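Each remark here refers to the structure printed beneath this line.
These numbers come from a predicted model, not from an experiment.
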Amino acid sequence: ELEKVGISEWKKEIYPHYRRLFPASERKSYRHIVRTTEAGITTIWKVVDQDKMVGFLLTNSLENNPYLQLDYLAILPT
């Protein structure tokens, strides 16, 4: 199941995984993700299975544009 995540949950629950799983050269800054999320460009999702977060993804889209870009996808190690 996919659940939208706000900035506070991103910072608390997902951001530590994001920093650990993606090399610095591939990560966007925390500030950039906050800005684009607040601007309605980036959406943060968590993947939930049996009430447990098992992954996350970040998508980007523009208003009045039918396309969606998958920016990051991670399945958490068990």
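Residues L70 and V47 share a single hydrophobic cluster, defined by chaining ILVMFWY side chains whose heavy atoms lie under 4.5 Å apart. Connection of M53 to I75 is not established within any shared hydrophobic cluster, with ILVMFWY side chains joined at heavy-atom distances below 4.5 Å, either directly or through further cluster members.
Counting non-hydrogen atoms of neighbouring residues, nucleotides and ligands closer than 6.0 angstrom, the CZ atom of R27 exceeds 12 such neighbours. Within a 6.0 Å radius of CZ in R20, more than 12 heavy atoms belonging to other residues, nucleotides or ligands are found.
Between the CG atom of N60 and the OG1 atom of T42 there is a distance of 4.0 Å, given to the nearest 0.5 Å. Atoms CG and CD1, on L57 and I14 in that order, are 8.5 Å from each other to the nearest 0.5 Å. Taking CD1 of I41 as the reference point, atom CG of N65 lies at 11.5 Å (rounded to 0.5 Å). Distance check, rounded to the nearest 0.5 Å: CG of L21 to CD of E26 gives 11.0 Å. The NZ atom of K11 sits 13.5 Å away from the CD1 atom of I33 when rounded to the nearest 0.5 Å. From I7, atom CD1 reaches atom CZ of R35 across 11.5 Å, with rounding to the nearest 0.5 Å.
Panel note: side chain Y18, backbone K28; a donor-acceptor pair is recorded below 3.5 Å.
Residue Y72 is tested with W10, F56, F22 for a ring pair (Phe, Tyr, Trp, His ring centres under 6.0 Å); the sole match is F22.
The minimum heavy-atom distance linking L2 with W45 is given by the pair CB-CE3, 4.0 Å.
At a threshold of 4.5 Å between non-hydrogen side-chain atoms, the residues L76 and V54 do not count as touching.
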